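Single-structure report; data block below.
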Amino acid sequence: MSRIRKAVIPVAGLGTRFLPASKAIPKEMLTIVDRPTIQYIVEEAMASGIEEVVFITSEGKSAIENHFDYDFQLDTVLNKKNKTGLREELNKISNLIDIVSVRQKKPLGLGHAIWMARNVIGNEPFLVLLGDDLVMSDVPCCRQMIDLFDKVQESIVAIQRVPMDQTNQYGIVEGKAAAIERTYKIDNMVEKPALGTSSSDMAIIGRYLLMPDIFDYLGRATPGHGGEIQLTDSLMELAGRRGMYAYEFQGKRYDAGDKLGYLKAVVDFALRHPTLGQDFKEHIQKACEKIG
Ligand code: G1P
């Protein structure tokens with residue numbers, strides 16, 4: 001049985017939905033409570049057993065690479081000041097996970113970004129995590145998908161139900177319930193269908209567990225929705241060839257690439273924070289009383 005050891009995290013996007021905040025700072029580096037959003041994504045991968053992360057980057061994203069690198073100067077200063085806990089926390093990720101960066105030289109779309117990882121991934125199933133989608137859950141979303149993969153041994157996309165008037169914002173999946181709880185065998189997938197053209201409310205969120213054959217399709221993919229090479233189109237081809245599952249994960253997803261989604265994530269993650277949570281809750285309660 002294949003082990004899932006590698007995860008691809010595309011971070012090349014411009015982040016136009018988050019301007020002006022994302023002009024000089026990658027949107028993935030915007031903070032949720034005390035760490036950048038990208039750290040939550042990498043921590044989810046790590047907590048799911050991933051050993052190697054492949055960032056697909058572009059110009060202006062070096063802050064992300066630096067964030068996960070070992071910082072000799074900072075480490076020396078913290079050591080001198082006896083800040084052991086902080087040192088350990090900072091070094092935990094760089095010690096536990098290998099990070100590889102691949103440049104996507106042209107913004108040709110998500111499908112093209114994933115294709116850039118083909119040489120690092122090789123011939124093994126792998127995960128894809130999109131940086132905009134944060135998931136709060138008891139069992140990490142990727143771990144839930146790996147557990148399902150152990151049973152089905154085929155590609156899986158994570159889904160959630162969305163209101164029918166929002167289906168044009170997502171990749172939409174059609175399928176039939178499989179024998180395993182919360183799991184559907186996929187019949188069809190469409191990237192951002194026009195409203196009224198799909199009867200399904202099952203939207204892909206940014207977690208995929210893919211068989212390496214996906215690269216065969218991505219390598220010859222042509223532009224789809226929005227003139228970009230879409231991952232969903234190649235997924236549909238792969239699903240037709242060898243089967244694919246949609247999995248309604250357990251947990252709450254936040255669109256951290258959207259201003260309101262980001263704010264909701266900040267509030268919910270702050271409320272659950274081990275040291276700040278209680279004080280923050282009291283603040284929020286008082287603020288709500290004032291609003292009435
Ligand atoms: C991407 C995918 C889409 C998916 C979405 C989830 O779209 O192409 O299928 O539903 O992520 O966040 P994007 O939001 O990058 O346009």
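We count ligands from 1, going down the list as the structure has it; atoms in each ligand are counted the same way. Note that the structure is predicted; figures quoted are calculated from it, not measured.
Taking every non-hydrogen atom of Thr232 and a distance limit under 4.0 Å, the qualifying atoms of ligand 1 come out as 9 (O). Atoms of ligand 1 found under 4.0 Å from any heavy atom of Arg253, numbered from 1 in the order shown, are 12 (O). Every atom of ligand 1 is numbered from 1 in the order shown, and the set under 4.0 Å from a heavy atom of Gly171 is 3 (C), 4 (C), 9 (O), 10 (O).
The shortest heavy-atom distance from Glu228 to ligand 1 is not under 4.0 Å.
For an aromatic pair to be called close, the ring centres must be under 6.0 Å apart, and Phe215 with Phe126 satisfies this.
For Asp69, the salt bridge (Lys or Arg N to Asp or Glu O under 4.0 Å) test picks out no residue, with sequence neighbours left out.
With hydrogens and angles left out, the side-chain atoms of Gln104 and Thr57 include no donor and acceptor closer than 3.5 Å.
Between Ile204 and ligand 1, at least one N/O pair is under 3.5 Å apart. Where the criterion is an N or O separation shorter than 3.5 Å, residue side chain and backbone included, Lys192 meets it with respect to ligand 1.
Listed by chain and number, the hydrophobic cluster partners of Met164 come to none, as no ILVMFWY side chain reaches under 4.5 Å of it.
Only side-chain heavy atoms of Asp133 come within less than 4.0 Å of ligand 1; its backbone N, CA, C and O stay farther off. Contact annotation for Leu130 and ligand 1: only side-chain heavy atoms (C-beta onward) come within less than 4.0 Å of the ligand. The part of Glu191 lying near ligand 1 is the side chain, judged by heavy-atom distances below 4.0 Å.
The protein reaches atom 16 (O) of ligand 1 closely, with a heavy atom under 4.0 angstrom from it.
In this structure, Gln144 contributes its side chain and Gln250 its backbone to a donor-acceptor pair below 3.5 Å.
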Q | Glu59/Lys105 under salt bridge (Lys or Arg N to Asp or Glu O under 4.0 Å): CA gap, chis, key distance, verdict | A | CA-CA 8 Å; Glu59 199 195 343; Lys105 294 183 188 79; over 6 Å; no
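For the pair Tyr247 and Tyr184, the minimum side-chain heavy-atom distance is 4.5 Å or more.
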